[in-house]
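To keep things clear, I will list the structure first and then write my remarks on it.
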Amino acid sequence: MSESAATDRGLLAGYDPGGFYDELFGQVAAPAAHTRLVRRRLDSMALEELRRRAHDAELELYNLGITFLIMSERDAVDRILPFDLIPRTISAAEWERLEAGVVQRVTALNLFLHDIYHDQKIIKDGVVPADLVLGNPNYRPHMAGLDVPHGTYIHILGVDLVRDGSGTFRVLEDNGRVPSGVSYVIENRHMMTRVFPDLMQDIGIRPVDEYGMRLLQTMAEIAPAGIREPRVVLLSPGTYNSAFFEHIFLAREMGVPLVEGRDLVIHDDRVYMRTIGGLARVDAIYRRIGDDFLDPKAFNPASLLGVPGLFEAYRKGHVALANAIGTGVADDKAVYCYVPRMIRYYLDQDAIIPNVDTYICREPDSLKYTCDNLANLVVKPVGEAGGYGIVIGPRATQMELERCREKLLANPENYISQPLVPLSVCPTLTDTGIEPRHVDLRPFAITGSKTWVLPGGLSRVALRRGALVVNSSQGGGSKDTWVLEANPLGPGTMEGGRP
Amino acid sequence: MIHNLLARYAESLFWMARYMERAENLARILGVHEFQGTTARGQRDWYSIVRLNADEQRFATRYPVTTAQNVVNFYLSDGNNPTSIISAVRMARDNARTMRPWISTEMWSQINVFHNRMLALTAEDVRLPNLVRTCAAIKEACQTHTGITEGTFYQDEGWYHYRIGKLIERADQTTRLLDIHYHAVVRDDGAAGHYDVVRWHAVLRSAAGYHAFRRVYPRGMGAAQVAAFMLFNESFPRSVAVCVAQINGMLARLKSHYLLRGGNGAMEKVDEIQATLARPVERVLDDGLHSYLDWLQCRFADVTSELGRDFFGHGPPATSP
């Protein structure tokens with residue numbers, strides 16, 4: 001690391017990524033040139049100074065109520081998403097590829113959704129097994145034959161990316177239902193400009209401010225035709241939802257009302273909201289409520305969060321919903337494995353961002369490979385959500401592996417397997433100083449008639465040493481994500497551009 | 001006319017304003033009362049707050065003994081008492097949380113921090129010797145809220161509901177403040193004495209009206225004068241007359257600016273109140289001040305339920321757009 005640290009006694013002296021790909025340093029053999037200036041500035045800072053600023057940032061997040069809600073037995077507690085001040089940087093060239101990869105992916109997913117709710121060619125051509133799609137609980141027969149504006153089902157997509165030991169970004173998961181986290185991307189940037197302006201100066205960082213405007217523009221694009229100024233609302237489950245802060249944030253960024261199910265009412269298959277002056281027509285809804293809870297008449301009859309009759313209004317084209325209903329079948333774990341094939345099928349291209357290598361055990365070769373390499377693989381049941389039934393080979397006992405093998409052989413179509421990805425790390429402020437911690441990246445794409453990708457995305461960081469799980473519920477935090485500009489101006493960035 | 005304000009939002013803004021105003025007024029009452037808490041008579045005075053809020057039963061179940069400190073705990077830091085300051089701040093904060101898409105970030109942040117500070121109050125903070133200081137800090141936090149709101153809150157239809165809520169609560173609290181003390185004077189003495197002057201001082205200082213009162217009434221300080229000042233004075237910002245006149249103006253402008261059909265019921269109730277504000281104060285005292293204050297409080301509740309029906313969506317559900 002001698003190239004990267006400005007001095008032997010600097011903040012980053014002695015930092016060791018421990019063999020993982022490092023987001024700030026790159027690889028030992030090929031140091032990341034684009035982060036040189038950031039490294040130098042960080043290195044010249046005292047640890048106490050960094051801690052003081054981190055403390056300021058944390059206090060401000062708490063005071064501003066930039067929190068998610070954790071329900072305990074007695075009441076609801078606001079927690080901040082821990083924020084780490086050391087940014088994660090992405091070079092212009094890297095981002096260009098990621099952006100193209102995300103656009104490609106969302107395009108294929110939307111074509112897939114249109115296909116399976118219409119002609120089902122991809123099933124008939126034997127590319128994706130019928131039972132995976134039609135037998136999927138998130139496949140909504142209600143949507144069959146329904147045309148959505150611009151053929152877009154997933155208006156907001158969050159793609160979970162990880163970077164492996166060789167520095168290659170891979171897709172771990174798609175979030176095409178109600179992806180969350182974008183508010184932290186923007187708030188993290190605001191926080192950085194307040195507490196770390198000296199680190200950011202002259203770096204040339206792509207802004208993230210236009211997300212709300214883009215989202216509103218897309219909502220207007222998908223609203224029923226012929227309405228000059230469509231009224232858009234954001235539909236939230238309410239103040240006790242863990243992501244309520246994000247709902248507030250997005251409603252404010254778009255300048256639209258934040259409504260709950262009880263604020264909306266359906267008359268003659270049209271949607272209205274209850275205002276102080278009576279009922280007012282609603283044309284497009286950015287809903288942050290899952291399909292099941294959206295309309296007790298059409299879906300889960302026990303839902304109190306939704307709006308009875310909303311689906312019928314939607315079906316008749318009187319109101320737009322983002323995301324569309326029934327997108328959950330496209331971000332399913334089993335269907336995920338087929339996305340590279342979807343991209344080839346619909347777009348005749350190779351996936352720009354590869355999946356994590358996945359062995360689909362319903363295919364004989366993959367089953368054999370999985371059984372032969374069980375101790376090195378992660379085996380995941382496809383039907384389950386939330387990490388249930390996952391067996392991590394390298395960490396499992398012999399008996400667990402045997403039981404896993406039995407289950408696999410008995411019911412191979414229910415499983416996939418993947419190698420354990422050595423997630424990249426990023427220098428992170430911890431109680432014991434600057435240490436490497438694993439990170440992932442969730443870029444966000446907005447699609448109406450075409451797709452726009454927010455530069456960067458949410459970098460989540462696993463704050464516990466060695467932990468690979470970055471989820472906020474598992475003690476994960478986040479970092480500001482800097483996408484560097486392609487043609488930076490000014491002396492600072494010139495310097496940063498030299499190897 | 002395109003209406004953007006959800007009925008539920010109007011109600012939340014109305015109550016956010018009311019709870020902040022309530023917290024301020026409770027802090028005013030407790031903060032000034034403190035110097036009387038040392039005598040036996042003072043202990044009784046504390047209990048008069050419990051009585052006037054009709055909290056006897058709730059108080060008795062939570063506190064076996066009536067001491068000044070228990071009453072202070074009950075009204076200041078007891079989160080299980082819905083009429084305490086900490087509860088008022090919590091409700092204001094809950095409403096502010098709901099209203100975050102509509103209010104300014106600075107308003108939200110200040111209420112959020114204030115609420116966190118209330119949660120951090122220690123037993124030492126609420127001990128009688130520290131009460132004045134703690135109440136002053138609470139009052140200042142409420143006034144900071146008022147100032148931030150004045151300087152940052154976008155003045156659309158939501159702002160009208162906020163203002164109306166604040167003014168109704170203020171008028172209501174003024175009647176309660178007057179009632180607490182007037183009650184005690186009449187019951188204990190019948191006739192005016194030196195102690196009553198001390199008491200009227202307390203009322204006027206609670207309401208930050210002492211010096212203004214002196215300018216209007218340079219000589220004397222009796223029940224009639226204090227009641228006239230607190231109820232009918234047209235320049236004192238906490239008087240019922242000033243609050244009601246402002247409510248009237250806000251309602252009229254809200255209706256005309258935003259072409260709202262509703263609001264007539266509330267305006268009629270306000271008219272009813274205004275008609276009583278021109279009476280000679282002696283007549284009011286002869287008829288019984290307490291019963292008049294009671295009547296006013298009922299009318300404020302009427303205005304609130306009229307607003308609920310017309311603007312907050314409490315009425316029969318609309319059947320057509």
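A, B, ... follow the sequence lines: proteins, then strands. Residue 1 opens every chain. We use all heavy atoms of the structure for the numbers below, so side chains are in, but hydrogens, waters and symmetry mates are not. Everything numeric in this text was worked out from a predicted model, so none of it was measured.
Of the possible donor and acceptor atoms, none in the side chain of A/Arg274 sits under 3.5 Å from a partner among the backbone N and O of B/Phe312. Judged by distance alone, the side chain of B/Asn112 and the main-chain N or O of A/Asn63 form a donor-acceptor pair under 3.5 Å.
Residue contact with chain A, scored on non-hydrogen atoms closer than 4.5 Å, involves the side chain of B/Arg261 exclusively. Using a 4.5 Å cut-off between heavy atoms, B/Ile103 touches chain A through its backbone atoms (N, CA, C, O) alone. With a 4.5 Å cut-off on non-hydrogen atoms, A/Glu260 touches chain B through its backbone and its side chain both. In this structure, chain A has a heavy atom under 4.5 Å from the side chain of B/Arg93, while its backbone stays farther away. Proximity to chain B is absent for every atom of A/Arg270, based on heavy atoms less than 4.5 angstrom apart. With a 4.5 Å cut-off on non-hydrogen atoms, A/Arg231 touches chain B through its side chain but not through its backbone.
The local environment of CZ in B/Arg253 is crowded, with over 12 non-hydrogen atoms from other residues, nucleotides or ligands closer than 6.0 Å. Few gaps surround CG on B/Leu119; more than 12 heavy atoms of other groups in view lie less than 6.0 Å from it. Atom CD of B/Gln274 has more than 12 neighbouring heavy atoms from other residues, nucleotides or ligands inside a 6.0 Å radius. In A/Glu312, the CD atom is crowded: over 12 heavy atoms of neighbouring residues, nucleotides or ligands sit closer than 6.0 Å.
Each of A/Val233, A/Asp268, A/Thr239, A/Asp263 has some count of heavy-atom pairs under 4.5 Å with chain B, and the biggest count is that of A/Asp263. The residue among A/Pro257, A/Gly278, A/Gly277 with the most heavy atom pairs within less than 4.5 Å of chain B is A/Gly277.
For a heavy-atom cut-off of 4.5 Å, chain A lies close to B/Arg8, B/Tyr9, B/Ala10 in residues 8-15 of chain B. The contact list for residues 145-165 of chain B toward chain A, using heavy atoms and a distance under 4.5 Å, reads B/Glu157, B/His161 by residue number.
Within the structure, no pair that satisfies the side chain to side chain donor-acceptor pair (under 3.5 Å) test touches residues 296-309 of chain A, not counting sequence neighbours. Under the ring-ring contact (aromatic ring centres under 6.0 Å, His included) criterion, the residue pairs touching residues 69-93 of chain B are B/Phe59-B/Phe74, B/Tyr63-B/Phe74, with sequence neighbours excluded.
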side-chain contact (heavy atoms from CB on, under 4.5 Å) between A/Leu64 and B/Thr105: does it pass, once the steps are laid out? CA-CA 8 Å; A/Leu64 286 170; B/Thr105 302; 3.8 Å; yes
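In this structure, CG in B/Asn4 is found 5.0 Å from CE in A/Met273, a value given to the nearest 0.5 Å. Separating the CG atom in B/Leu254 from the CD1 atom in A/Ile276 is a distance of 5.5 Å, to the nearest 0.5 Å.
Here the side chains of A/Val259 and B/Leu6 are in contact, with some heavy-atom distance below 4.5 Å. Using a 4.5 Å heavy-atom cutoff, the side chains of A/Tyr62 and B/Asn116 are in contact.
Considering A/Phe244, A/Phe249, A/Phe245 in turn, A/Phe245 is the only one that fulfils the side-chain contact (heavy atoms from CB on, under 4.5 Å) rule with B/Arg100.
The two residues B/Pro101 and A/Ile248 come nearest to each other via the heavy atoms N-CG2, 3.8 Å.
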